[in-house]
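We're numbering straight along the sequence, starting at 1. Here the structure is a predicted model, which means the values were calculated and not measured. We count ligands from 1, going down the list as the structure has it; atoms in each ligand are counted the same way.
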Amino acid sequence: MPVVMKFGGTSVADAAAFENVARIVANERDAAPIVIVSAMSGVTDSLLAATNIASLENVFERHRAVAYELLDPSQATAFINQLRAVADKIDALLQSPAEYKSLQDAIVSFGETLSSTLLAEVLNKKGIAARHVDARRCIITDEEFTSAAPLMAETFAQSQSELIPVLESGVVPVLGGFIGSTKQGVTTTLGRGGSDYTAALIGAALGVREIQIWTDVTGVLTADPRVVPEAQTIERLSYGEAAELAYFGAKVLHPKTIQPAIENSIPVRICNSRAPQEPGTLVGPETETSPRTIKAIAHKTGVTTVQISSARMLGAYGFLRKLFEVFDEHRTVVDVVTTSEVSVSLSLDDASALPAIVAELEQLGTVSVENGRAIICVVGEGLRRTPGIAARVFSTISDINVTLISQGASSINVTFAIEEERVKEAVTRLHDEFFCEK
Ligand code: ASP
Ligand code: MG
């Protein structure tokens, strides 16, 4: 069974990074790798911001530099010719009056097209037989340009027919992440960060043994290392635990992007390109309880909490609908929610629409707002089964005022809000309590 190896933009930032990727792929050579790569770091942003071709000179120069440094002269010449053709196409697109979003996808797709073409050549140069496969022939999507949804049946069938023959001939397929095409062959993209999604889709289509997400951190840590320097890498997480943690750091996989892996019970490993020998974190279907029962103490600052109290809530229906409609109208994401008979408390990351929201909520009840809050989330499948953990959490920080306590429906987390100023102290004490041998 093959493995998918996905490398993010920082893993292909420059020639040294490309060489490192080649070394990592060489080590997995026997595992039949399928390589998926993001655009070189910063390239997607530059392509999105480009208004004229001159503003992209630095982007082209970075690709040229890698080609000259790592490829044979004949390979480099061929790639530079391709780069020129791409520049001409982008130039034409920038001047064309076509419909905006599809135009944007057409332009931005060149980031992944170039990085994957270049990586295939670099692998070949290093003696690893590799072939560039156009991801747009594998990932078939609807027409929702800039955040297209894959059509699963078509994507699975196409990925199999494009990739299996390459694998069978002992060659490593190299694809750009993030990009796809409609059934008519028009280029689309899966939304920012979409390369992880490509990795999960291809992994699911081919029933791979493992999907590896290579990035620049050592897996998922037991706490934020900026707050807790002794934080350790978590060896294993369940899909559910990883989903709970996703809110607390962009470094953890977005649950949506690994959905195809979850549905097919394919483990996802988060690996560090800078420390490839370390096992990273394996996210999988197993719901094993860690010996320490909890897996991580995550937190987030800059949170606002809102409380709405109203006697009208008691025994009335439709109240919660009205309340959430207010947030809906103002396109404001609500994170943690708790309710009692006569009050609702919730947390928001983005409080920019709050004045308008509060004005409307005041029609429903008494509203109080607290800024400068932090959310702490204690995560672990063990919470589901082991009694007394929540008590241990709260007694560890018994002198800190806790609000908005919630235990998600999945029962694998306890989440609560505290004052932002005390978050470092609270997280450190909790980490000591649950992760340090005494
Ligand atoms: N290059 C795309 C982005 O920057 C996709 C990805 O890297 O996952 O969003
Ligand atoms: Mg990413």
Side-chain angles (χ1 to χ4, degrees), residues 4-14 17-18 20-21 24 34-50 55-56 58-60 62-63 66 83 86 90 93 101-120 132-136 138-141 144-150 155 159 174-181 187-204 211-217 220 242 246 249-261 268-274 283:
V4 163
M5 306 178 79
K6 179 259 169 179
F7 295 90
T10 53
S11 302
V12 287
D14 53 23
F18 269 84
N20 191 39
V21 168
I24 294 169
I34 301 167
V35 173
I36 294 168
V37 67
S38 290
M40 290 175 74
S41 57
V43 166
T44 303
D45 289 330
S46 300
L47 288 167
L48 285 172
S55 64
L56 291 171
N58 179 45
V59 163
F60 297 127
R62 283 174 62 206
H63 287 86
V66 175
L83 196 63
V86 165
I90 295 177
L93 287 165
K101 281 186 160 181
S102 61
L103 181 72
Q104 179 178 312
D105 277 355
I107 293 171
V108 83
S109 71
F110 286 112
E112 268 71 10
T113 299
L114 288 174
S115 64
S116 53
T117 308
L118 191 49
L119 182 58
H132 179 248
V133 175
D134 189 339
R136 295 173 301 178
C138 299
I139 308 294
I140 310 301
T141 73
E144 199 55 53
F145 294 100
T146 73
S147 60
T155 296
S159 300
V174 183
L175 296 80
F178 177 55
I179 64 178
S181 74
T187 301
T188 55
T189 65
L190 303 175
R192 292 308 304 267
S195 295
D196 290 350
Y197 200 13
T198 305
L201 288 165
I202 299 285
I211 296 165
Q212 300 173 353
I213 305 290
W214 289 85
T215 171
D216 55 0
V217 293
V220 184
K251 299 285 185 201
V252 186
L253 301 169
H254 194 292
K256 177 189 149 210
T257 65
I258 62 163
Q259 196 55 38
V268 179
R269 191 186 292 280
I270 302 161
C271 309
N272 186 352
S273 310
R274 296 192 188 139
V283 182

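- At least one heavy atom of Gly194 lies less than 4.0 angstrom from ligand 1.
- Ser109 and Thr187 form no side-chain donor-acceptor contact under 3.5 Å, judged by distance and modelled atom types alone.
- Polar contact with ligand 1: absent for Asp196 (N/O pair, distance under 3.5 Å).
- Between Gly193 and ligand 1, an N or O atom pair is found at a separation short of 3.5 Å.
- The shell of residues lying under 4.0 angstrom from ligand 1, judged by heavy atoms, excludes Gly8.
- Atoms of ligand 1 lying under 4.0 Å from at least one heavy atom of Glu112, given by number and element, are 1 (N), 2 (C), 5 (C).
- Between atom OG of residue Ser116 and atom CD1 of residue Ile36 there is a gap of 10.5 Å, rounded to the nearest 0.5 Å.
- Under the rule for a side chain to side chain contact (heavy atoms under 4.5 Å, CB included), the partners of Asp45 that lie at least two apart in sequence or sit in another chain are Arg192.
- Under a 3.5 Å cut-off, the side chain of Glu112 and the backbone N or O of Ala39 do form a donor-acceptor pair.
- Put simply, the side chain of Cys138 reaches to within 4.5 Å of the side chain of Ile202, judged on heavy atoms.
- The distance from ligand 1 to the heavy atoms of Arg192 drops below 4.0 Å at these ligand atoms: 3 (C), 4 (O), 9 (O).
- The side-chain heavy atoms of Phe178 and Val108, taken from C-beta on, include a pair separated by under 4.5 Å.
- At least one N or O atom of Ser195, backbone or side chain, sits closer than 3.5 Å to an N or O atom of ligand 1.
- Interface atoms of ligand 1 facing Ser38, defined by a heavy-atom separation under 4.0 Å, are 6 (C), 7 (O), 8 (O).
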